[in-house]
Amino acid sequence: MNNYFEIKLKSVSENEKFARNIVAAFSVSLKPTIDEITDIKTAVSEAVTNCIVHAYDNDPSREILIRCELDENTITTIISDDGVGIPDIELALTAFYTTKEEDERSGMGFTLMQSFCDDLQVSINENGGTTVTMIKKILRDEVISA
Ligand SMILES: Nc1ncnc2c1ncn2[C@@H]1O[C@H](COP(=O)(O)OP(=O)(O)OP(=O)(O)O)[C@@H](O)[C@H]1O
Ligand SMILES: [Mg+2]
């Protein structure tokens, strides 16, 4: 691995912007395009929002852990919580599935994360919380020699 960072964030919505910006800033060394940066930011926002609203039900005393790893042309972002957990991951990943319809959530967060990343893994932690791992490959233009 070329580089990594890890941070622990208070579970408040103000930190969603900070989280997406810090991952984007850290990824800059891989020379992503603006579109790739936007993809990363969107995916991080969705995952952090899920921790705040679902895992912790807006309890600001809880914490979100973010680890970001850079390796060659790959950015791996791991976002974990020790909240309520997801009883059925396959169902949670289904487009339009939400357990918070009353909050006008659309159930599209995981679908967005999947479409903006090359790979998305969701797993249950030992403590019952959730870990979301998002892998994004940065495509570089190959230099074609004449
Ligand atoms: N970190 C988490 N902890 C517990 N449950 C989660 C977590 N992340 C997602 N979920 C569950 O998975 C469901 C689907 O998540 P998803 O992000 O796709 O949709 P949503 O958050 O409900 O709506 P939207 O993201 O469109 O606002 C959630 O409704 C929730 O039940
Ligand atoms: Mg969501």
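Order of appearance sets the numbers: ligands from 1, and atoms from 1 within every ligand.
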Review point. Going by atom types alone, do Thr33 and Asp35 pair a side-chain donor with an acceptor below 3.5 Å?
Key: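 Note: Thr33 and Asp35 side chains miss the donor-acceptor criterion.
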Non-neighbouring partners of Ala43 that pass side chain to side chain contact (heavy atoms under 4.5 Å, CB included), sequence neighbours left out: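 Testing Ala43 for side chain to side chain contact (heavy atoms under 4.5 Å, CB included), a comparison that skips the adjacent residues, returns Met113, Cys117, Met134.
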**Asked** Do Arg105 and Val53 pass the side-chain contact (heavy atoms from CB on, under 4.5 Å) test, and can you show the C-alpha distance, the side-chain angles, and the key distance before you say yes or no?
**Response** CA-CA 10 Å; Arg105 303 236 148 242; Val53 303; 3.7 Å; yes
To the nearest 0.5 Å, atom OG1 of Thr49 lies from atom CZ of Arg20 at 8.5 Å
CG on Leu70 to CZ on Phe26, rounded to 0.5 Å: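 Result: 4.5 Å between the selected atoms.
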Note on the Mg ion (ligand 2): protein N/O/S atoms within less than 2.8 Å are Asn50 OD1
TODO: Heavy atoms only: give me the nearest Lys10-Asn15 pair and the separation to one decimal.
DONE: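 Taking every non-hydrogen atom into account, O-ND2, 2.8 Å.
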How close do Glu72 and Leu30 get, heavy atom to heavy atom, and via which atoms?
->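 Looking at all heavy atoms of both residues, the shortest contact is O-CD2, 3.1 Å.
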Ligand 1: protein N/O within less than 3.5 Å of ligand N/O:
from     : atom 1 : to     : atom 2 : distance (Å)
ligand 1 : 1 (N)  : Asp81  : OD2    : 2.9
ligand 1 : 8 (N)  : Asn50  : ND2    : 3.4
ligand 1 : 17 (O) : Asn50  : OD1    : 3.0
ligand 1 : 17 (O) : Asn50  : ND2    : 2.8
ligand 1 : 18 (O) : Gly109 : N      : 3.2
ligand 1 : 18 (O) : Phe110 : N      : 2.9
ligand 1 : 21 (O) : Asn50  : OD1    : 3.0
ligand 1 : 21 (O) : His54  : NE2    : 2.7
ligand 1 : 22 (O) : His54  : NE2    : 3.4
ligand 1 : 22 (O) : Thr98  : OG1    : 2.5
ligand 1 : 23 (O) : Gly107 : N      : 2.9
ligand 1 : 25 (O) : Glu46  : OE1    : 3.4
ligand 1 : 25 (O) : Gly109 : N      : 3.1
ligand 1 : 26 (O) : Ser106 : N      : 3.4
ligand 1 : 26 (O) : Ser106 : OG     : 2.8
ligand 1 : 26 (O) : Gly107 : N      : 3.0
ligand 1 : 26 (O) : Met108 : N      : 2.9
ligand 1 : 27 (O) : Arg105 : NH1    : 2.9
ligand 1 : 29 (O) : Thr98  : OG1    : 3.4
ligand 1 : 29 (O) : Thr99  : N      : 2.9
ligand 1 : 29 (O) : Thr99  : OG1    : 3.2
ligand 1 : 31 (O) : Thr99  : OG1    : 2.5

Legend entry - CA sep, side-chain torsions, deciding dist, call: Asp71, Thr76, side-chain contact (heavy atoms from CB on, under 4.5 Å): CA-CA 8 Å; Asp71 197 359; Thr76 304; over 6 Å; no
Apart from Met108 itself, its cluster of hydrophobic side chains linked below 4.5 Å comprises Phe96
